[in-house]
J.: 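Have a look at this one.
Numbered from 1 within each chain, the chains take letters A, B, ... in sequence-line order.
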Number of protein chains: 2
Amino acid sequence: MTDVKSGPNPLFLREEELRQAIELLFFAYRDFTAEPDQILADYGFGRAHHRVIYFVGRHPAIAVSELLQILGITKQSLSRVLGQLVAEGFIRQRPGQRDRRQRLLELTEKGAALERQLTENQRNRVARAFREAGAEAVEGFRGVLVNIMDEGNRARFAPPDSHAHGSDAPSTSSTGRR
Amino acid sequence: MTDVKSGPNPLFLREEELRQAIELLFFAYRDFTAEPDQILADYGFGRAHHRVIYFVGRHPAIAVSELLQILGITKQSLSRVLGQLVAEGFIRQRPGQRDRRQRLLELTEKGAALERQLTENQRNRVARAFREAGAEAVEGFRGVLVNIMDEGNRARFAPPDSHAHGSDAPSTSSTGRR
DNA sequence: GATTTTACGTCAGTCATGTTGACATATATG
DNA sequence: CATATATGTCAACATGACTGACGTAAAATC
C-alpha cells in the first residue's frame, strides 16, 4: 500500500473505496455475462434473448406487458427477440383465459433446456463466489446491491419475513449510522 | 436435479438464493448506469464514452493499448468513441517520450469536468448504499463481487495488505476475450 | 542497415439491441 | 356503441460491438 503523506486522509480513502466499488461492478458484471453470451452465440442469440428466456422461465405464464415492465424496454425491442424465440420453439404463447387479449408466455422444453444451460453457468459462478466469500459476505453483498438499486425495484428483493403493512413503506434501514 | 417437495428443502432455498443474486446484479447494474446514461445523452455520448472518460481519468497518460486491455474491446470500436472525445476536446493525446509511437491519453479540463459529473452520480449512489448497508456489508459486497469476477481481473482489487512482493506484479494473463 | 514487430489509425461492412413514431386488431369495459 | 387496453407490426434510426484489410511510423532485432 502506498503510504499517505501528511496523515491518513480519510477523504482520499473514501474516494478510492468508492471508485473501487464502481470498477468492481463494471468488471464483475462483464465477466458475469461473458460466458452465457458465448453460449448464446451458438444459437444465434444475444444477451437480450437470455433475459427474455430467464424471466419467462422465472415467471411462467407471464403476460407480455409484465415482461416489458421487468425488462424496461419497448415492445418493439422485445418483439424482435421474442418473435425469434417463439419462431424457433423456445417459447410458447397461449391466450390468457381471464383476458383473451393477453399472450401468456412460457418456456417449451427446448427453451427450458437452454435456460438451464445459461443459468447454470451464472449460478455456478455466484455459488462459487458465495462459498469463497462466506455467508456473512453474502448478506453484505445483498444489502449493498439492494441499496444501489432504485427504490422502485427493491420490492422484488424484500426479505422473506418482512410483513409489509399497507402498500410498501420501503426505507428499510433508517439507522445506517456508524 | 429432482425437485423435492416435502420439508424445508435446502436445495430449493439455495436455488432461490442464487437466482435472487443473479437478478440483483441485473437490476442493480441497470439502475447504476441509468443516470449517467441520461447525462451523457445531453452531450450526444453513450455509455462507451463514459467508460473511456472514466478510465482515462483514472489512469492519466494511459496508452491506447492499455486502455484497450482494460475495456476489452477492439481498437476499431474504441477508435470512434475516442476520436469523438478527442475531436470535441474532452481528451488530449500526446506522444510518449519513451516510445514515440504511443499516444498517451489524458483528460482536458472539459473532460475532467464531465468525468466529475458522471462519477459523482455513481459515487453518490454507492456511498448511499454503503451507508445504508453498513461497513460489514461493504466488505461482503467486495468479497462476493471479487469472486464473481474472472481470476485474471482480480489483481486490480487486491487488498492493501496483499502479500504480493514487487509492488505491482501485474500477471495479466488475460488475453483479449473472443 | 535491413527486416520484423509493435502501436496506432482507418476504411468498409455487418450485427445486436436499443430507440421513436405510426398504425392495426382483438378484446375488455364503460 | 365508444373507448381503453394488450399486443403486434412496419419503418427508420442510433449506438456500440464485431471482422477483415490495409497503412504508417517507430522500435526492436537480426
J.: Base, sugar-phosphate or nothing for B:R47? Non-hydrogen atoms, less than 4.0 Å.
T.: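 Result for B:R47 = sugar-phosphate.
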J.: For the pair B:E35 and B:R125, find out whether any cationic side-chain nitrogen is under 4.0 Å from an anionic carboxylate oxygen.
T.: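 Salt bridge between B:E35 and B:R125, a charged N being under 4.0 Å from a carboxylate O: yes.
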J.: Could you tell me how far apart B:R94 (CZ) and C:dC8 (P) are, to the nearest whole angstrom?
T.: 13 Å
J.: Test for a donor-acceptor pair under 3.5 Å between the base of C:dT6 and the side chain of B:R101, counting only N and O atoms.
T.: yes
J.: Taking CG from A:L67 and P from D:dA6, how many angstroms apart are they, rounded to a whole number?
T.: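 Atom-to-atom, A:L67 to D:dA6, this comes out as 14 Å.
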J.: Send over the distance from B:R80 CZ to D:dT15 C1', rounded to a whole Å.
T.: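 Rounded to whole Å, this separation is 7 Å.
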J.: Indicate yes or no for a side-chain donor-acceptor contact from A:D99 to the backbone of A:R101 under 3.5 Å, with no hydrogens or angles considered.
T.: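 Side chain of A:D99 to backbone of A:R101, a donor-acceptor pair under 3.5 Å: yes, one is there.
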J.: Can you tell me the distance, in whole Å, between the CG atom of A:L40 and the P atom of C:dC15?
T.: 18 Å
J.: Find the distance B:I91:CD1 to C:dC8:P and express it as a whole number of Å.
T.: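 Those two atoms, CD1 and P, are 14 Å apart.
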J.: Would you tell me whether B:Q117 and B:Y43 have side-chain atoms, one donor and one acceptor, within less than 3.5 Å of each other?
T.: yes
J.: Looking across every strand, which nucleic acid part, if any, lies under 4.0 Å from A:S65 by heavy atom: base, sugar-phosphate, or nothing?
T.: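 The answer is sugar-phosphate, as A:S65 gets under 4.0 Å only of primed atoms, P, OP1 or OP2.
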J.: Return the 5'-most residue of the pair B:L78, B:K75 with respect to DNA chain D, ranking by each residue's nearest nucleotide.
T.: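 Its nearest nucleotide lies further toward 5', so the answer is B:L78.
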J.: What's B:H49 touching, base or sugar-phosphate or nothing? Going by heavy atoms closer than 4.0 Å.
T.: sugar-phosphate
J.: Classify B:E66 by what it touches in the nucleic acid, base, sugar-phosphate, or nothing, heavy-atom distance under 4.0 Å.
T.: nothing
J.: Closest approach to the side chain of A:R100, judged atom by atom: which nucleotide of C:dT19, D:dT7, C:dA28 is it?
T.: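 Minimum distance to the A:R100 side chain belongs to C:dA28.
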J.: Over how many whole Å does the gap from A:L68 atom CG to C:dT17 atom P extend?
T.: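 Interatomic distance, CG of A:L68 to P of C:dT17: 16 Å.
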J.: Phosphate oxygens OP1/OP2 of C:dT19: is one of them under 4.0 Å from a side-chain N or O of A:T74?
T.: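 For C:dT19, OP1 or OP2 has a side-chain N or O of A:T74 closer than 4.0 Å.
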J.: Of the nucleotides D:dT7, C:dT17, D:dC18, which has the atom closest to the A:V64 side chain?
T.: D:dT7
J.: Is a salt bridge present between B:E115 and B:R58, judged by a nitrogen-to-oxygen distance below 4.0 Å?
T.: no
J.: Nearest of D:dC18, D:dT7, D:dC10 to any side-chain atom of A:Q76?
T.: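 Looking only at side-chain atoms, A:Q76 lies closest to D:dC10.
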J.: CD of A:Q84 versus P of D:dG8: gap in Å, rounded?
T.: 15 Å
J.: Given the rule in the side chain to side chain donor-acceptor pair (under 3.5 Å) test, do A:H49 and A:Q84 qualify, once you have shown the distances and angles that lead to the verdict?
T.: CA-CA 9 Å; A:H49 300 82; A:Q84 281 176 274; 3.1 Å; yes
J.: Let me know, please, whether A:R98 or B:Q102 comes out on the 5' side of the other along DNA chain C by nearest nucleotide.
T.: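 Looking at the nearest nucleotide for each, B:Q102 comes out on the 5' side.
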J.: Looking at D:dT7, C:dG9, D:dG16, which one has an atom nearest to any side-chain atom of B:Q93?
T.: C:dG9
J.: Would you sort out whether B:F45 and B:I39 count as a side chain to side chain contact (heavy atoms under 4.5 Å, CB included), showing the intermediate values?
T.: CA-CA 9 Å; B:F45 293 155; B:I39 297 170; over 6 Å; no
J.: Could you state the CG-C1' distance from A:L71 to C:dT19, rounded to the nearest angstrom?
T.: 15 Å
J.: Spell out yes or no: do the side chain of A:R103 and the base of D:dT7 have one donor N/O and one acceptor N/O closer than 3.5 Å?
T.: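 Between D:dT7 and A:R103, which were checked side chain against base, a qualifying N/O pair under 3.5 Å is absent.
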